[in-house]
There are 2 protein chains.
Amino acid sequence: MAKAVKKLSARQESILAFVERYIDENGYPPTIREIGKECNISSTSVVNYNLNKLEEAGYLVRDGKVSRGLRLAGQPNIVTSSVVRVPLVGRIVASEPVPVPESDFSIFGDDAIIEVTRDMVPDIDDLFALEVTGDSMVDAMINDGDIVIMRPHQNAQNGDMVAVWLTDRGETTLKYLYWEQDRVRLQPANPTMSPIFIEDPSSVQVQGRVVAVIRHA
Amino acid sequence: MAKAVKKLSARQESILAFVERYIDENGYPPTIREIGKECNISSTSVVNYNLNKLEEAGYLVRDGKVSRGLRLAGQPNIVTSSVVRVPLVGRIVASEPVPVPESDFSIFGDDAIIEVTRDMVPDIDDLFALEVTGDSMVDAMINDGDIVIMRPHQNAQNGDMVAVWLTDRGETTLKYLYWEQDRVRLQPANPTMSPIFIEDPSSVQVQGRVVAVIRHA
DNA sequence: TTATAGCCTGAACGAGTGTTCTAAGTCAAA
DNA sequence: TTTGACTTAGAACACTCGTTCAGGCTATAA
C-alpha cells in the first residue's frame, strides 16, 4: 500500500483532477488548451511540460502528436471511472417468480435505469436490476426498497447468492445456494437464521445470481 | 420491447466495431481519418456521413467541431456519467466509535476510494465510506463486508438511519433514530426485531447519518 | 425516360491542436 | 551574489481534423 510516487505540485494535481473529470464527463480526454483554460494556465507549453511530468510520475500515458492523446494510468482507483447502466426491469416479491428479462433487452425502452460504477459488478453484460418490495427478504439482509442487481441464471456455483423460485412453496427467495449430496441447502445471509433444506432439487429453480445490492437512504 | 432500430449497413457496422475497439485499446476515440483508413473509406466526408447516420440510429453521440468528439451510446454498457468519489476511511465495528474523517479530507491520499453514481447519494459533500466488519450490524440489515456511505453528524432527523455510539454500552450501532419525549428510540431496520430505548439521551452520540449501503457479491 | 433518394468521391477551407523555441521568473545550494 | 535546476510565459509553426461543397453513381418509383 501507499506506493512511493513523486509528489505532485498543486498545478499538476489540478491538471490531473481536471483530466479525470473531463474524461468522466465527455468520454474522451481534453486538449492541451482546454486543460490550460480550466487550470488558469495561459501557455500551452506549460501544460505540455506538466503533462510530461505527470507521465514521468506514472499518472498518465501520452501518445505523441495525436490530439487528445491522453490516457489515465497507474493508480488502480481511477479506472476511467466508468458507469454501467442496468435496466430496472421490475420488482421482486416473495409470491412471484423473478421477472427475468428477455434476452433481447430493450436498451432504449423508457424503463428506469440504474447506474452503478463499473467496479461494483464483476461483468457488464446481461445485468438487470429489480426493486425489492416487502419485507420478505429480510433474512437475506435485503430490505423493502433495496435494489438488487442480478445476472440471469448462468450455472450458479456453490456459495452464490441466488434468487430461487421454489415450485413447491410458490415462493421466491434470496439465499446462498449449496448443492449437497442429494438435497439443496439454502442459507440465509443473516447468520442468526437457520438454513432451509430442499430435498427435491428439481423444485429449485435458480432464476439468477445476485451480484450487488444497493440501498439508498 | 425490442425497439425498432434502423438496420445498419455493412460499412456502418464496420465503423461502429472499429470505434469500439479503438476506444478500448487507446482510451480515446479515433479521428474521422483513422476510421476511414481502417474501414477502407477514402473520403472523410463519407465517414462523417455514416457517423451521422450512426448517431441518428442512437449508437453513438457526436460532439460537433471537436476532434475525436465521439462517444458510444445506448447499449447498457459503459457510458460516461457523473461519479462521486468517496474516501474509504476505515472500518466500522461494534466495539469502537465510528472513525469520522478530519474535515481536510485528502483526496489524493493513499486511502481506497469508493465510487458511487451521483444519483445514489443526496449530496456529494463531506461523504465518507466505511467497511463493515463482523456480523454485529445484522439487525440493521447490514452484513459483514458491506460498504456504508455516511455523512458526518449534521443534526439527524427523526427517522434517519444513523451510526450512534452508546457511551453506556461502549458500542456502535446502526439504527433508525427517533427522539421521543425524554428518551431515544433506536429502531432496527429489520422489522422483526424490537427497538431499544435509551433513557439518557446524553449517552447517545450520533456519529453520522447513513446515506447508502452497498453490497458486492 | 425523368425524378428522387441514398450513398459515395475528391478536394479544399479554416479552425483545432501538439510541438518547439526563446526568454524570463523562482528558489535553494554553493 | 552567483549558479543552476525547475517552472512559467508567449509566440510561432506545421500538421491534424471536422466541415463543407460540387458533383457522380446506383437503384427504385413515377
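Chain naming here is simple, since letters A, B, ... match the order of the sequence lines and numbering starts at 1 in each.
Summarising the geometry, the separation between CG on A:N52 and C1' on C:dG18 is reported as 11 Å, rounded to the nearest angstrom. Following rounding to the nearest Å, B:Y49 (OH) and C:dC8 (C1') show an atom-to-atom distance of 9 Å. Between A:R62 atom CZ and C:dT17 atom P the separation is 14 Å, expressed in whole Å. In this entry the distance linking CD1 of B:I35 with P of C:dC8 reads 14 Å, nearest Å. Going from atom CG of A:L51 over to atom C1' of C:dG18 covers 11 Å, rounded to whole Å. In this structure, A:R68 places its CZ atom 8 Å from P of C:dG18, rounding to the nearest Å.
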Discussion item. Between B:T31 and A:V66, is the side chain to side chain contact (heavy atoms under 4.5 Å, CB included) condition met? List the steps.
Written reply: CA-CA 10 Å; B:T31 66; A:V66 306; over 6 Å; no
Practice prompt. Walk me through it: do A:E55 and A:R71 pass the test salt bridge (charged side-chain N to carboxylate O under 4.0 Å, His left out)?
Written response: CA-CA 10 Å; A:E55 184 174 26; A:R71 232 198 320 277; over 6 Å; no
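Across all non-hydrogen atoms, the minimal contact from A:I15 to A:L54 is CG2-CD1, 3.8 Å.
Between B:R11 and C:dC8 there is a side-chain N or O to OP1 or OP2 distance below 4.0 Å. Contact annotation: B:N50 reaches the phosphate of C:dC8 (side-chain N/O to OP1 or OP2, under 4.0 Å).
Using a 4.0 Å heavy-atom criterion, one finds that A:G69 contacts no nucleic acid atom at all. Among the heavy atoms of the strands lying under 4.0 Å from A:N48 is at least one base atom, whether or not backbone atoms are also near.
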Shorter than 3.5 Å, N or O on both sides, protein versus nucleotides 10-13 of chain C: list them out with atom names.
| residue | atom | partner | partner atom | Å |
| --- | --- | --- | --- | --- |
| C:dG10 | OP2 | B:S42 | OG | 2.6 |
| C:dG10 | N7 | B:S43 | OG | 2.8 |
| C:dG10 | O6 | B:S45 | OG | 2.8 |

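Here chain B contacts DNA chain D (any atom closer than 4.0 Å to a heavy atom, that is under 4.0 Å), and the contacts span D:dC17 to D:dC21 from 5' to 3'.
Side-chain atoms of A:L16 and A:I35, non-hydrogen and from C-beta on, never get closer than 4.5 Å to each other.
In this view, A:S203 and A:T167, A:D168, A:I198, A:D200 satisfy the side chain to side chain contact (heavy atoms under 4.5 Å, CB included) rule, not counting sequence neighbours. With sequence neighbours excluded, no residue forms a salt bridge (Lys or Arg N to Asp or Glu O under 4.0 Å) with B:R33. The side chain to side chain contact (heavy atoms under 4.5 Å, CB included) test applied to A:N158 returns A:Y178, A:W179, not counting sequence neighbours.
For residues 20-49 of chain B, the set of pairs meeting the ring-ring contact (aromatic ring centres under 6.0 Å, His included) definition, not counting sequence neighbours, comprises B:F18-B:Y22.
Projected onto DNA chain C by closest heavy-atom contact, B:S67 and B:N40 fall at different nucleotides, the more 5' of which corresponds to B:N40.
In this model, a donor atom of one side chain and an acceptor atom of the other lie less than 3.5 Å apart for A:R62 and A:N52.
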